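As structure tokens, the structure follows; a few thoughts come after it.
It should be emphasised that the depicted structure is a prediction, and the values quoted were computed from it without experimental measurement. What you see below is based on every heavy atom in this structure, not just the backbone, and it leaves out hydrogens, waters and symmetry mates.
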Amino acid sequence: MFRAAAPADQVAAFYAKALGRYGEVLDCREPAARVKPPKGSDKLSCEASAPQAGDYEYRVGTAQSFRVVSIKRDGTGARFDMARIDLKF
């Protein structure tokens with residue numbers, strides 16, 4: 001977990017842009033990003049993972065290998081987590 005003095009919306013804008021270098025960024029606040037992809041698809045989705053109002057979650061990659069950033073309000077600043085997930089079955 002990391003903390004920033006900047007407001008959550010500024011931190012979110014930075015990471016949404018930064019993740020773009022890895023491909024199409026999914027904004028998990030958007031209902032279209034939470035639609036379950038067809039079985040056998042490698043398409044990334046947020047499925048039922050909608051952040052609470054005022055919070056942000058972005059994902060980029062495939063269903064098997066993706067990066068995720070979660071940003072939450074923390075007083076006047078922000079708290080955020082980042083992870084790279086590689087699923088190997």
Is there a path of hydrophobic side-chain contacts, each under 4.5 Å between heavy atoms of I/L/V/M/F/W/Y residues, joining Met1 to Phe14?
no
Specify the closest pair of heavy atoms between Pro37 and Ser45, including all atoms of both residues, with the distance to one decimal.
CD-OG, 3.4 Å
Within one Ile-Leu-Val-Met-Phe-Trp-Tyr cluster: Tyr22 and Val11, side-chain cutoff 4.5 Å:
yes
Do Glu57 and Phe80 make a side-chain contact, defined as non-hydrogen atoms from C-beta onward lying under 4.5 Å apart?
no
For the CD atom of Gln64 and the CG atom of Leu44, what is their distance to the nearest 0.5 Å?
10.5 Å
To the nearest 0.5 Å, tell me how far Tyr15 OH sits from Met82 CE.
4.0 Å
Please round to the nearest 0.5 Å and tell me the distance separating atom CG of Asp42 and atom CZ of Phe66.
11.0 Å
For a quick test of reading the model, state the closest non-hydrogen atom pair linking Asp74 to Arg79 and the distance between them.
CB-N, 3.9 Å
Salt bridge flag under 4.0 Å for residues Asp86 and Arg84:
yes
Side-chain touch Tyr58/Asp27, heavy atoms, less than 4.5 angstrom:
yes
Any side-chain heavy atom of Tyr56 sitting closer than 4.5 Å to one from Val69?
no
Smallest separation among heavy atoms of Ala78 and Ile71, with atom names
CB-CG2, 4.1 Å
Atom pair CZ (Arg73) and CG (Asp9), whose distance is rounded to the nearest 0.5 Å:
11.0 Å
Side-chain heavy-atom pair Val60, Glu24 within 4.5 angstrom cut-off
no
